[in-house]
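In what follows, a single structure is set out as structure tokens and then discussed.
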Amino acid sequence: MAKKEGTKNFILRLDEEMMNAIEAWAADEFRSTNGQIQWILAEALKKAGRMKKPKKPKPIENNEQI
């Protein structure tokens, strides 16, 4: 599988109980275990105010035409 541009691989060690809980949660959400861990981390970072918010597109003004 090709690595996505801008992603980093690293080893994460979890105890068995935590891993089992994440795997079950991922199955409930129809995600892969890796996808679930990424989602959990992204949500925690957003909640803590540590993630940059995506830029919203500039609204089109009334006098501008496409």
Side-chain angles (χ1 to χ4, degrees):
M1 178 184 273
K3 183 177 167 183
K4 282 185 185 179
E5 191 174 323
T7 63
K8 279 188 155 183
N9 297 330
F10 69 98
I11 296 172
L12 176 64
R13 291 177 184 87
L14 301 173
D15 64 47
E16 188 174 354
E17 184 179 1
M18 184 180 290
M19 189 63 180
N20 290 339
I22 292 171
E23 287 172 335
W25 191 5
D28 291 344
E29 301 280 329
F30 302 106
R31 291 190 180 104
S32 66
T33 302
N34 187 68
Q36 189 69 20
I37 292 169
Q38 288 179 320
W39 179 83
I40 292 167
L41 291 171
E43 289 299 307
L45 288 167
K46 284 181 209 172
K47 185 177 179 181
R50 301 282 181 162
M51 284 280 280
K52 291 181 182 175
K53 293 182 181 179
K55 291 183 179 180
K56 293 182 181 177
K58 182 181 172 184
I60 298 173
E61 293 184 22
N62 292 336
N63 58 356
E64 291 183 26
Q65 293 184 0
I66 297 176

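What you see is a predicted model; the values in this text were computed from it and never measured.
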**Message:** Tell me the closest heavy-atom pair linking Ser32 and Ala26, and the distance in Å.
**Reply:** O-CB, 3.6 Å
**Side chain proximity check, Met19 to Glu23, heavy atoms < 4.5 angstrom** = yes
**Asked** Linking I/L/V/M/F/W/Y whenever their side-chain heavy atoms sit closer than 4.5 Å, directly or via other members, would Ile22 and Leu41 fall into one cluster?
**Response** yes
**Request:** Return the minimal non-hydrogen interatomic distance between Met51 and Ala42, and the atom names on each side.
**Result:** CG-O, 4.4 Å
**Request:** Determine whether Ile37 and Phe30 fall in the same hydrophobic cluster, where Ile, Leu, Val, Met, Phe, Trp and Tyr are linked whenever their side-chain heavy atoms lie under 4.5 Å apart.
**Result:** no
